[in-house]
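The structure appears right after this line, and notes come after that.
When a ligand or atom number is given, it counts from 1 through the structure's own listing order.
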Amino acid sequence: MDFSLTEEHLMIRDAARDFAQTELLPGVIERDDKQTFPQELVRKMGELGFMGIMVDPKYGGSGMDTISYVLIMEELSKIDASASVMVSVNNSLVCYGLEAYGTEEQKQKYLTKLATGEQIGAFCLSEPEAGSDATSQATTAIDKGDHYVINGTKNWITNGGRSDVYLVIAQTDREKGHRGINAFIVEKGMPGFDIGPKEDKLGIRGSDTHTLQFNDVKVPKENRIGEDGFGFKFAMKTLSGGRIGIAAQALGIASGAYELALKYSKERKAFGTEICNHQAIAFKLADMYTEIEAARMLVMKAAWQKDKGENYDMASAMAKLYASKVAMEQTVEAVQIHGGNGFVKEYHVERLMRDAKITQIYEGTSEIQKIVISRGVIKG
Ligand code: COS
């Protein structure tokens, strides 16, 4: 067993840290306030290889491992979780899905642009009536011979407005249940595909979240991913890796808030000394550090299992469940350590606290992670 990072991992982590400090930190409060994220920053993340971290270089990716992905996600999330969710969705749901299950033609046509950040992708599973209960897809994709016709609504879609490529899950044959579900590549601008207004959110406000409408959208048959009926398993398999990304995001949000709280506690004085010298604050710091380290172990272990080619369904669910809980609890503590200043935007911790909440909801709620873990535990 070896807990140390390689030289290469340390360099990747430092590059991500440097980018987050120099490029993401300036303007992060304004982006949160105005709910924007400039394309220029997406382009820069693409140049650094952050949009296709694990993709094979022959498709334009960086060819790195999942540990590197986690390190990059943590560093970006310490500063700007809106940036990191864009990276996470593009990497683990879209690029991974296409690379693992797409045809060579699909990879050449779509993955090569998505992996460089020239184009951005979205993953469209959730619906008004099907979030956790993902087999109950109301969106239909009717087989018309050489094409499918898609009708329905998708909700809360990250990168919903700014994407070029959308992976859409839809029901082809309701009688077959989850075996009648397919996944399709839909391009922005296909007739009948409309993007609804941007959602006004509690957190990750810089990220672009939309409802999507599909009205008789004609999608060529070659845009289906995998065999007929593979769509639900495609969604489950990609989400399993996605959960490592969100767990790393939660870890970053928690450690970002902790680092701010630690620094503040060494500067702020009360009762004649820095507040870190009061046991009430020192014990909070001890708990925060311990919880974050425990979360880091689970996140790294899930990434390591994926890199080793082992099954990581339970490991990613445990990492996401625990890291998101730590993010929520420890960002609240970071605000508390900051006192009145914690409630003010310029100290950043209130944003991290708002951003933390979504990590317990998207890519499977904490309750869904417990279903996955408990089934795995019982099955043995
Ligand atoms: N990898 C591969 N296949 C999987 C899988 C995985 N990780 N998880 C489930 N499957 C397969 C099952 O093996 C089953 O196939 P077979 O009948 O051929 O064996 C099929 O998928 C259906 O699985 P199951 O019966 O377990 O489905 P359930 O309806 O009970 O749902 C959960 C399972 C709850 C785990 C699933 O619906 C889920 O993850 N929901 C949350 C979805 C989500 O994350 N939503 C957020 C949207 S993205 S922001």
If you count only heavy atoms, which residues are under 4.0 Å from ligand 1?
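Near ligand 1, by chain and number: Leu125, Ser126, Gly131, Ser132, Ala134, Thr135, His178, Arg179, Phe232, Lys233, Met236, Lys237, Leu239, Arg243, Asp313, Glu363, Gly364, Ile368, Val372, Arg375.
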Check: Where does the angle between the aromatic ring planes of Tyr166 and Phe193 fall among parallel (under 30°), tilted (30 to 60°) and perpendicular (over 60°)?
Finding: perpendicular
Notebook entry, point to check: Is Thr238 reaching over with its side chain to a backbone N or O of Leu93, donor-acceptor style, under 3.5 angstrom?
Noted result: no
message: Could you check whether any side-chain N or O of Thr331 sits under 3.5 Å from a backbone N or O of Met328, counting only pairs where one atom can act as donor and the other as acceptor?
response: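 Answer holds: yes.
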In Glu75, Glu23, Glu74, the residue satisfying salt bridge (charged side-chain N to carboxylate O under 4.0 Å, His left out) with Arg17 is Glu75
Please report, to 0.1 Å, the donor-acceptor pairs under 3.5 Å made by any side chain of residues 225-234, with sequence neighbours excluded.
{"residue": "Asp228", "atom": "OD1", "partner": "Asn182", "partner atom": "ND2", "Å": "2.8"}

For Gln35 versus Lys201, what's the shortest heavy-atom pair and its separation?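 That closest heavy-atom pairing would be OE1-N, 3.5 Å.
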